[in-house]
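Worksheet for the structure shown next.
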Amino acid sequence: MSISELYNIIYKGVPFSVSQNALARVQESYAFLRDFARDKVIYGINTGFGPMAQWRVEDDHLKELQYNIIRSHATGAGQPLADDFVRAAMYARLGSFLQGKSGVHEEIVHLLTEFINRGIIPFIPEHGSVGASGDLVQLAHIALCLIGEGKVRYASSETWLPTSEVFAKEGLQPLNIHIREGLSATNGTSVMTGIAAINQLHAENLLHWAVLTSVWMNEIAASYDDLMSEPLNASRRHDGQQRIAAQMRDIVTGSHRLQQREHALYNGGHTEHVFKDKVQAYYSLRCTPQILGPILETLDNAHRIIDEELNAASDNPIIDPETQNVYHGGNFHGDYISLEEDKVKIAMVRLAMTAERQLNYLMHDRINGILPPFLNRGTLGLHYGMQAMQFTATSTTAECQTLAMPNYVHSIPNNNDNQDIVSMGTNTAELCATVINNAYQVMAVLLMALAQATDCLDIRKDLAPATARIYDEVRAIVPELITDRPHYEELEKIIEYLKQL
């Protein structure tokens with residue numbers, strides 16, 4: 001189970017299949033629990049849930065108990081989660097079951113696999129999880145559909161249908177309760193992990209764009225190339241900074257726009273007291289490796305944590321056939337994902353801030369000294385160029401800065417104080433997703449501005465092949481701006497172009 005495999009399933013249409021070894025682990029775990037649980041008190045099998053665990057449930061109500069946790073916890077509110085989030089959550093839930101530590105019957109594995117492969121999307125509201133006993137409420141909405149209740153839709157349709165109707169059409173049978181399928185289906189970090197995995201794909205994509213646009217920015221500004229030099233960046237020691245600088249050197253290969261300091265300033269030919277060209281570029285241009293380097297390292301760590309969580313048993317209790325025991329604890333607690341999503345969110349805010357400052361450089365003629373105000377190629381005063389598009393980028397960046405406040409520290413006790421410290425992991429992942437979408441908007445404005453600046457200077461022929469290709473692709477979507485026109489539909493097209501994974 002990995003982010004890479006998840007990408008292929010969700011975005012490339014590769015079907016998910018369960019290996020025989022993984023299925024054997026599930027079967028072994030189920031068989032062990034079935035025998036082990038006969039004369040023992042085990043949480044969630046013959047006890048109530050949460051603070052109700054002190055009450056024993058009699059044998060003739062054990063199946064009813066499992067149905068009750070599903071139905072009682074399907075209480076989410078708000079807009080439904082996006083399709084890719086839902087499919088990723090189901091994938092993450094399978095990842096937990098396939099560890100063979102949940103004691104569930106293999107039937108739930110097969111049914112979830114069918115949901116993923118047939119494009120069946122359970123209705124999951126955006127709000128409800130505090131990320132402590134995992135994503136109880138939102139996972140309950142998935143479980144509700146697995147038992148044939150609730151509502152679903154096909155990924156190719158906007159229409160919600162009763163789950164029973166889709167089951168009949170697809171020849172599927174509702175999940176049977178065997179021992180603890182209700183608790184296992186609702187208990188764990190799978191929704192926050194699924195959202196985090198999708199966020200990770202987009203965050204890494206945005207970083208790729210940030211490196212590309214930063215090179216293009218420096219080409220437009222005709223910066224000195226030593227900002228990305230190996231000796232400079234190696235002297236700082238940080239791995240991320242050095243990798244970003246190396247990526248920039250690869251991208252800029254073939255460019256005729258960057259200057260070499262040794263040729264321009266170290267030749268002994270300067271006698272003036274005030275230099276015409278800037279000796280050093282602004283920080284948003286010159287410090288790209290130092291700004292994007294920590295973002296790269298943050299994303300590397302998040303990727304590792306998410307991959308680990310996709311292969312983790314995030315259930316409680318943990319059923320362990322190897323040691324012939326059942327362990328009670330808190331593997332459902334979402335701190336790992338919550339903390340990483342806060343860090344990814346903050347990193348994406350920083351990325352958006354850098355893009356907005358680069359955009360400001362392009363718009364501000366008194367700063368750049370080489371471009372018309374707001375990249376206006378029309379009649380100044382009569383036409384406005386990209387002036388108003390900067391408003392959109394600036395306001396969106398400001399919202400990102402507001403959302404940068406860590407959510408991981410916003411624990412509120414609940415559940416009769418049984419859940420006395422919670423992760424808020426799913427809220428954190430959803431806020432991170434909002435910041436990522438905002439960052440795409442800012443990046444789209446910057447990309448349009450870079451193309452416009454290239455036209456203003458007529459330098460397409462001098463760009464590196466890598467940035468020239470991006471210029472051509474942008475211009476195939478959005479024509480050069482001469483006279484004023486609405487931009488909102490063009491902006492949306494560029495956002496979709498950027499989001500291609």
Side-chain angles (χ1 to χ4, degrees), residues 1-17 76 78-96 112-129 131 135 138-139 141-142 145-146 150-161 166 188-209 299 302-303 305-307 309-310 334 337 340-341 344-345 348 425-441 443-444 492 495-501:
M1 310 292 283
S2 67
I3 294 172
S4 297
E5 182 184 52
L6 177 61
Y7 165 79
N8 288 328
I9 291 168
I10 292 183
Y11 298 110
K12 296 299 181 181
V14 176
F16 178 72
S17 61
Q79 295 298 310
L81 291 178
D83 288 2
D84 50 1
F85 289 165
V86 175
R87 297 186 73 200
M90 292 190 291
Y91 175 84
R93 198 77 213 121
L94 278 168
S96 185
L112 269 174
T113 300
E114 293 298 328
F115 269 47
I116 291 173
N117 290 341
R118 299 190 194 202
I120 299 172
I121 308 295
F123 176 81
I124 308 178
E126 60 186 337
H127 294 145
S129 174
D135 300 306
Q138 284 145 323
L139 283 173
H141 281 271
I142 295 178
C145 298
L146 292 175
K151 58 185 180 180
V152 299
R153 64 178 180 80
Y154 292 104
S156 57
S157 170
E158 295 298 320
T159 304
W160 293 102
L161 301 168
V166 173
T189 62
S190 301
V191 174
M192 68 178 80
T193 303
I195 297 172
I198 300 299
N199 286 348
Q200 186 69 22
L201 290 168
H202 284 290
E204 291 175 3
N205 184 48
L206 275 165
L207 179 58
H208 161 76
W209 280 111
L299 295 186
H303 196 121
I305 292 292
I306 296 165
D307 271 349
E309 195 72 11
L310 288 171
I337 294 297
E340 290 309 309
E341 287 305 277
V344 171
K345 179 183 67 173
M348 291 298 100
T426 304
N427 284 358
T428 309
E430 291 186 64
L431 288 170
C432 183
T434 299
V435 166
I436 286 170
N437 282 326
N438 286 356
Y440 271 121
Q441 294 170 23
M443 188 63 70
E492 189 59 35
I495 292 169
E496 291 305 311
Y497 164 73
L498 287 170
K499 283 185 173 182
Q500 296 177 65
L501 297 173

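Note that this is a predicted model, so its numbers are computed, not measured.
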Non-neighbouring partners of [X] that pass side chain to side chain donor-acceptor pair (under 3.5 Å), sequence neighbours left out:
X      : result
Glu5   : Tyr91
Ser129 : Asp135, Thr426
Lys151 : none
Glu126 : none

query = Judged by atom type as modelled, is there a donor-acceptor pair below 3.5 Å linking the side chain of Asn199 to the main-chain atoms of Ile436?
reply = no
*asked:* Using modelled atom types and a 3.5 Å cut-off, is there a donor and acceptor pairing between side-chain atoms of Glu430 and backbone atoms of Asn427?
replied: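 Not confirmed, Glu430 side chain does not pair with Asn427 backbone.
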Taking salt bridge (charged side-chain N to carboxylate O under 4.0 Å, His left out) as the definition, give me every residue that meets it alongside Glu340, ordered by chain and number, with sequence neighbours left out.
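Salt bridge (charged side-chain N to carboxylate O under 4.0 Å, His left out) check on Glu340 returns Lys343.
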Taking all non-hydrogen atoms of both residues into account, name the closest pair between [X] and [Y] and its distance.
X      : Y      : answer
Thr189 : Gly334 : CG2-CA, 4.0 Å
Gln138 : Gly128 : NE2-N, 4.3 Å
Ala439 : Leu206 : CB-CD1, 3.8 Å
Ala203 : Val344 : CB-CG1, 4.0 Å
Leu139 : Ser190 : CD2-CB, 4.0 Å

Tested for side-chain contact (heavy atoms from CB on, under 4.5 Å) against Leu501, the lone hit among Ile10, Ile198, Asp84, Asn205 is Asn205
Please list every donor-acceptor pair under 3.5 Å in which a side-chain atom of residues 116-125 meets a protein atom from a residue at least two apart or in another chain.
unit_1, atom_1, unit_2, atom_2, d
Asn117, OD1, Phe16, N, 2.8
Asn117, ND2, Phe16, O, 2.9
Arg118, NE, Glu114, OE1, 2.7
Arg118, NH1, Glu170, O, 2.7
Arg118, NH1, Glu170, OE1, 2.9
Arg118, NH2, Glu114, OE1, 3.0

Which residues satisfy the ring pair (Phe, Tyr, Trp, His ring centres under 6.0 Å) test with [X], sequence neighbours excluded?
X      : answer
Phe115 : Phe167
Tyr154 : none
His202 : Tyr440

Going by side-chain contact (heavy atoms from CB on, under 4.5 Å), name the residues that satisfy it together with [X], two or more places apart in sequence or in a different chain.
X      : result
Thr434 : Glu399, Leu403, Asn438
Ala444 : Leu491, Ile494, Ile495, Leu498
Thr159 : Ser157, Leu161

Say you draw a straight line from CE of Met1 to CG of Asp307; how long is it, rounded to the nearest 0.5 Å?
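Answer for the CE-CG pair, Met1 versus Asp307, is 10.5 Å.
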